[in-house]
Amino acid sequence: MAQKRTIFFLLVKLNLTAEKESCGGGRRQTMTTTAKTMKEESTSRNRKRKRQRNPKSPKEDPNETPKNQNNDKKRQRDTKTHKNNQHGASSASSKRSKPSNFLDTLREKLSGGNFRRLNEKLYTCSGKEALDYFSEDPSLFDMYHTGYQQQMTNWPELPVNSIISWLSSRSSSLVVADFGCGDARIAKSVKNKVFSFDLVSKDPSVIACDMSNTPLESSSVDVAVFCLSLMGTNYSSYIKEAHRVLRPSGWLLIAEVKSRFDPNNGGADPKDFVKAVSDLGFSSSLKDFSNKMFILLHFKKKEQMKPNKKKIEWPELKACLYKRR
């Protein structure tokens, strides 16, 4: 009996010890888990503080997934490819535009060369030869006037405008003969009756003829105009024709390139030219050398002309040849 009681007490003691150890182990396990959690939270806070102090780009973020990194690299490659494509397209466009610019430049040079050749032809042949030359190929006349208009764009002031202004300030009843009219700008700009003459007619109002032999009646016009048109080796015959068709007291208006009347550079002496025109039967009314590009000379036909048996000495006018640019 006493032995059984002793065994019972031993079993109870063992159970209490086991429970105590179990409770103690649980507490140790709980304490260990709690300490681990606190340590992780502290580590996390330290990482956050470190990121705030030293922010990293998304590219260097260690928490970024490989998939996101690959997407960023792909976007960078796409952007670079797009820029290269744009640069390539721009370069290709530039390369394609060069031939066009080259052709335009070549055409311009050819056009300028043709104009200089035709211009020299007009200054070094007679009016009759020029008429025959352009009659065979009227397109040459267009080529010449295209080049002429391009040259005129470099002039600060056009002499034709001075003549138009002079006519506009006088009676519109004055009948005008425009020798070497070009595009017939005078006829299109004034109210006067204008007879327009040139080597080729591209307009119904223009009469194609040799300017030394016009279809006008004698003493039939009030104003005769030569605006940059005293070209040819027989220019004096044009002025003689103007004298024939002008009424007494009629006006002769001449505008010419200034260098043609510069004796210091191979041009004619303007005094010799004025004297020759006066000997023909005109009196000088105006000599204007103020413009740096052209001169203006105005004459009036004399009422009565005494017979002049002396031969008129016409000065040679320097050809106006344009230099290659």
Side-chain angles (χ1 to χ4, degrees), residues 119-130 148 151-152 155 157-163 166-167 176-182 186 197-198 210-214 221-246 248-303 305-322:
N119 183 69
E120 184 175 356
K121 175 73 175 178
L122 289 172
Y123 276 106
T124 55
C125 71
S126 67
K128 180 66 168 62
E129 290 171 337
Y148 171 81
Q151 292 292 332
M152 289 298 99
W155 287 37
E157 183 182 354
L158 300 181
V160 67
N161 292 334
S162 297
I163 293 173
W166 186 92
L167 289 171
V176 181
D178 186 4
F179 290 79
C181 63
I186 292 178
F197 303 107
D198 215 321
D210 176 3
M211 293 190 300
S212 65
N213 184 24
T214 68
V221 301
D222 301 294
V223 183
V225 176
F226 290 93
C227 185
L228 307 182
S229 57
L230 288 179
M231 308 171 74
T233 57
N234 64 323
Y235 79 88
S236 61
S237 63
Y238 307 156
I239 301 177
K240 292 176 183 178
E241 178 68 1
H243 183 271
R244 181 186 73 83
V245 302
L246 277 170
S249 299
W251 290 91
L252 172 64
L253 309 182
I254 297 176
E256 264 302 332
V257 179
K258 195 170 188 177
S259 62
R260 302 189 74 193
F261 293 89
D262 183 1
N264 296 323
N265 291 297
D269 190 327
K271 293 180 180 179
D272 294 338
F273 180 79
V274 170
K275 183 179 184 305
V277 175
S278 298
D279 289 344
L280 182 62
F282 291 92
S283 59
S284 177
S285 175
L286 172 71
K287 294 186 287 288
D288 185 355
F289 293 84
S290 61
N291 193 285
K292 69 176 184 178
M293 302 300 291
F294 60 88
I295 66 170
L296 291 173
L297 301 174
H298 293 181
F299 300 89
K300 287 193 74 172
K301 184 178 177 178
K302 295 177 180 178
E303 290 281 348
M305 179 64 185
K306 294 180 181 181
N308 186 6
K309 297 181 181 180
K310 187 178 180 180
K311 183 180 178 181
I312 300 175
E313 295 183 4
W314 294 93
E316 182 180 352
L317 296 185
K318 177 183 176 182
C320 182
L321 304 181
Y322 294 92

Chemist: Give me the atom names and distance for the closest heavy-atom approach of E120 to T124.
Modeler: O-OG1, 2.7 Å
Chemist: Mind checking the OG-CG spacing from S285 to L296? Nearest 0.5 Å is all I need.
Modeler: 11.5 Å
Chemist: Quick one, P159 and L228 - any side-chain contact, counting heavy atoms below 4.5 Å?
Modeler: yes
Chemist: Which distance, rounded to the nearest 0.5 Å, do you find between the CD of E129 and the CG of N234?
Modeler: 8.5 Å
Chemist: Considering non-hydrogen atoms only, spot the tightest contact between A268 and E316 and give its length.
Modeler: CB-O, 3.6 Å
Chemist: Any chance you could measure T233, atom OG1, to L122, atom CG, to the nearest 0.5 Å?
Modeler: 11.0 Å
Chemist: Is it true that a side-chain atom of E157 and a backbone atom of N291 form a donor plus acceptor pair closer than 3.5 Å?
Modeler: no
Chemist: Would one find more than 12 heavy atoms of other residues, nucleotides or ligands at under 6.0 Å from atom NZ of K275?
Modeler: no
Chemist: Could you tell me if the side chain of C181 sits less than 4.5 Å from the side chain of C227, heavy atoms only?
Modeler: no
Chemist: Rounded to the nearest 0.5 Å, how far does CG of D262 lie from CD1 of I295?
Modeler: 10.5 Å
Chemist: Taking side chain as C-beta onward, heavy atoms only, is K240 less than 4.5 Å from I312?
Modeler: no
Chemist: Which residues satisfy the side chain to side chain contact (heavy atoms under 4.5 Å, CB included) test with L286, sequence neighbours excluded?
Modeler: D288, H298
Chemist: So, R260 side chain and G267 main chain: donor-acceptor pair closer than 3.5 Å or not?
Modeler: no
Chemist: Show your reasoning for whether side chain to side chain contact (heavy atoms under 4.5 Å, CB included) applies to V257 and W155.
Modeler: CA-CA 11 Å; V257 179; W155 287 37; 4.1 Å; yes
Chemist: Hey, could you give me the CD1/CZ distance between I254 and F179, rounded to the nearest 0.5 Å?
Modeler: 11.0 Å
Chemist: Are any side-chain N or O atoms of E241 and backbone N or O atoms of T214, one a donor and one an acceptor, separated by less than 3.5 Å?
Modeler: yes
Chemist: Do F299 and L280 have side chains that get closer than 4.5 Å, going by heavy atoms?
Modeler: no
Chemist: Is any side-chain heavy atom of L230 closer than 4.5 Å to one of F273?
Modeler: yes
Chemist: Quick check: do Y235 and F226 have side-chain heavy atoms less than 4.5 Å from each other?
Modeler: no
Chemist: Is it the case that the side chain of K301 and the backbone of H243 share a donor-acceptor pair, with hydrogens and angles ignored and the cut-off at 3.5 Å?
Modeler: yes
Chemist: How close do I163 and A255 get, counting heavy atoms only, and between which atoms?
Modeler: CD1-CB, 4.2 Å
Chemist: So, do S212 and Y238 sit near enough that their side-chain heavy atoms are less than 4.5 Å apart?
Modeler: yes
Chemist: Do side-chain atoms of K318 reach the backbone of S259 as a donor and acceptor pair under 3.5 angstrom?
Modeler: no
Chemist: Specify the closest pair of heavy atoms between F261 and P270, including all atoms of both residues, with the distance to one decimal.
Modeler: O-CD, 3.6 Å
Chemist: Do N119 and M231 have side chains that approach each other closer than 4.5 Å (heavy atoms only, starting at C-beta)?
Modeler: yes
Chemist: Cation-pi between K300 and W251: NZ/CZ under 6.0 Å from ring centre and within 45° of the ring axis?
Modeler: yes
Chemist: Could you tell me the separation between the CG atom of D198 and the OG atom of S229, rounded to the nearest 0.5 Å?
Modeler: 8.0 Å
